[in-house]
Amino acid sequence: MSAVSTFDINRERMVEEQLIPRGISDPATLAAMRTVPRHLFVQDAMQVQAYGDHPLPIGGGQTISQPYIVALMTQALQLTGHERVLEIGTGSGYQAAVLSRLCERVYTIERIDALLRQARKVFDRLRYYNIVSRIDDGTIGWPDQAPFDGILVTAAGPRIPEPLLEQLADPGRMVIPVGDQASQSLQLVEKREGEILVRTIEQVRFVNLIGAHGWQG
Ligand code: SAH
């Protein structure tokens, strides 16, 4: 029998109070949110706040998204366990970790070396071995590994990067915040029989996507 910690209790409350009442209903997404220890992805001093209803700083001017936003973006991909998913903006690694419980393999790209090094330590500690990562400009995607059944972008740019649209499988789903630097629309992009359908899920605020097909750094 393993002991139940305050973190476990707070994580369950997060699901019951922040996710379910706001319409997160996909059982697999809720199970992943109940499983992944979010507190391990933030600095020690911030662990007590890890399950709060807000984003948190992770260093380098970046943030780990609010739990609800992570769940909303994850649910929108409608994963069934067999997909290969590309994430742009590893940051703390938390979103990649959640995705890794729901698909076959996660490919995640980060542009800040120190953040990726820290995230990799946590992946190893948790033995999440189906996450592969690299340092690069994620706006050009990961051409060698394309196409991807799902693409999730966790930083916001002025438009959908063309290489990511090209690297999306058919059928495939991409979730990406697009807009100006103050506020953005979270868009669900679906590719089906050669057609691209775009719809807005929610208004959001993300850090900048910096790169060749994003904002200039
Ligand atoms: N998914 C992360 C959120 C981190 S914030 C988490 O769960 O913690 C967004 C991240 O995107 C930042 O770490 C930032 O450095 C990164 N980023 C911004 N532009 C990028 C680009 N062109 N390629 C890769 N990463 C980028």
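In each ligand, atom 1 is the first atom listed, and ligand 1 is the first ligand listed. Since the structure is predicted, the reported quantities are computational estimates derived from the model, not experimental observations. Keep in mind that the numbers below use all heavy atoms, side chains included, and drop hydrogens, waters and symmetry copies.
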Enquirer: Under 3.5 Å between some N or O of ligand 1 and some N or O of Gly89?
Expert: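 Indeed, backbone or side chain, Gly89 has an N or O that close.
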
Enquirer: If you draw a 6.0 Å radius around CZ in Arg134, do more than 12 non-hydrogen atoms from other residues or ligands fall strictly inside?
Expert: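 Above 12, so yes.
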
Enquirer: Which of the atoms of ligand 1 are close to Thr90, meaning less than 4.0 Å from one of its heavy atoms?
Expert: 1 (N), 2 (C), 6 (C), 8 (O)

Enquirer: Taking 4.0 angstrom as the limit and counting only heavy atoms of Ile109, give me the atoms of ligand 1 inside it, by number and element.
Expert: 24 (C), 25 (N)

Enquirer: Out of Asp137, Thr63, Val153, Ile64, whose heavy atom is nearest to atom 5 (S) of ligand 1?
Expert: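 Among Asp137, Thr63, Val153, Ile64, the closest heavy atom to atom 5 (S) of ligand 1 comes from Thr63.
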
Enquirer: Is a side-chain donor-acceptor pair under 3.5 Å present for Arg120 with Ser133?
Expert: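 Distance-only check passes for Ser133 and Arg120.
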
Enquirer: Is there a donor-acceptor contact under 3.5 Å from the side chain of Arg38 to the main chain of Ala50?
Expert: yes

Enquirer: If hydrophobic clusters are built by linking Ile, Leu, Val, Met, Phe, Trp and Tyr wherever their side-chain heavy atoms come under 4.5 Å apart, do Ile135 and Leu115 end up in the same one?
Expert: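 Looking at the clustering, Leu115 is in a separate group from Ile135.
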
Enquirer: Looking at Thr154, Thr74, Thr90, Thr108, which one forms a side-chain hydrogen bond (donor to acceptor under 3.5 Å, both in side chains) with Gln95?
Expert: Thr74

Enquirer: Members other than Ile196 in its cluster, when Ile, Leu, Val, Met, Phe, Trp, Tyr link by side-chain heavy atoms under 4.5 Å?
Expert: Leu86, Ile88, Tyr107, Ile109, Val132, Trp142, Phe148, Ile151, Val153, Ile160, Leu164, Leu165, Leu168, Met174, Ile176, Val178, Val189, Val198, Leu209

Enquirer: With heavy-atom distances below 4.0 Å as the criterion, list the atoms of ligand 1 near Ser92.
Expert: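 Near Ser92, meaning under 4.0 Å from one of its heavy atoms, ligand 1 has 6 (C), 7 (O), 8 (O).
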
Enquirer: Looking only at heavy atoms of Asn208, does any of them come nearer than 4.0 Å to an atom of ligand 1?
Expert: yes

Enquirer: Any idea which part of Ile112 is under 4.0 Å from ligand 1, heavy-atom wise: side chain, backbone, both or neither?
Expert: side chain

Enquirer: Under the salt bridge (Lys or Arg N to Asp or Glu O under 4.0 Å) rule, collect the residues that match up with Glu16, sequence neighbours excluded.
Expert: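 For Glu16, the residues satisfying salt bridge (Lys or Arg N to Asp or Glu O under 4.0 Å) (neighbours in sequence not counted) are Arg34.
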
Enquirer: May I ask you to list the atoms of ligand 1 that are less than 4.0 angstrom from any heavy atom of Gln62?
Expert: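 Answer for ligand 1: 12 (C), 13 (O), 14 (C), 15 (O).
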
Enquirer: Who's the nearest protein heavy-atom neighbour of atom 25 (N) of ligand 1, and how far?
Expert: Arg111 N, 3.3 Å

Enquirer: Of all the non-hydrogen atoms in the protein, which one sits nearest to atom 13 (O) of ligand 1, and at what distance?
Expert: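 The protein heavy atom lying closest is Glu110 OE1, 2.8 Å.
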
Enquirer: Is Asp8 salt-bridged to Arg11, going by a charged N under 4.0 Å from an acidic O?
Expert: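 Salt bridge: yes.
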
Enquirer: Counting heavy atoms only, which part of Leu209 comes closer than 4.0 Å to ligand 1: side chain, backbone, both or neither?
Expert: both

Enquirer: Looking only at protein heavy atoms, which one is nearest to atom 23 (N) of ligand 1, and what is the separation?
Expert: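 That would be Gly138 N, 2.8 Å.
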
Enquirer: Are a donor atom and an acceptor atom from the side chains of Tyr51 and Glu17 found within less than 3.5 Å of each other?
Expert: no

Enquirer: Hey, is Leu115 touching ligand 1 through its side chain, its backbone, both or neither, going by heavy atoms under 4.0 Å?
Expert: side chain

Enquirer: Which residue owns the protein heavy atom closest to atom 7 (O) of ligand 1, what's the atom, and how far is it?
Expert: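 Answer, as residue, atom name and distance: Gln95 N, 3.1 Å.
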
Enquirer: I want to know if ligand 1 touches Ile210 in the polar sense, i.e. an N/O pair below 3.5 angstrom.
Expert: yes

Enquirer: Which residue supplies the protein heavy atom nearest to atom 9 (C) of ligand 1, what is that atom called, and how far is it?
Expert: Thr154 O, 3.4 Å

Enquirer: Hey, is Asp136 one of the residues with a heavy atom under 4.0 angstrom from ligand 1?
Expert: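 Yes, Asp136 has a heavy atom closer than 4.0 Å to ligand 1.
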
Enquirer: For ligand 1, which atoms have a heavy atom of Val207 less than 4.0 angstrom away?
Expert: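 Atoms satisfying the 4.0 Å criterion: 5 (S), 9 (C).
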
Enquirer: With a 4.5 Å limit on heavy-atom distance, are the side chains of Pro171 and Lys191 in contact?
Expert: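 Heavy-atom side-chain distance check fails, nothing below 4.5 Å.
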
Enquirer: Scan side-chain atoms only and decide if Glu104 and Asn130 contain a donor-acceptor pair under the 3.5 Å cut-off.
Expert: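 No.
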
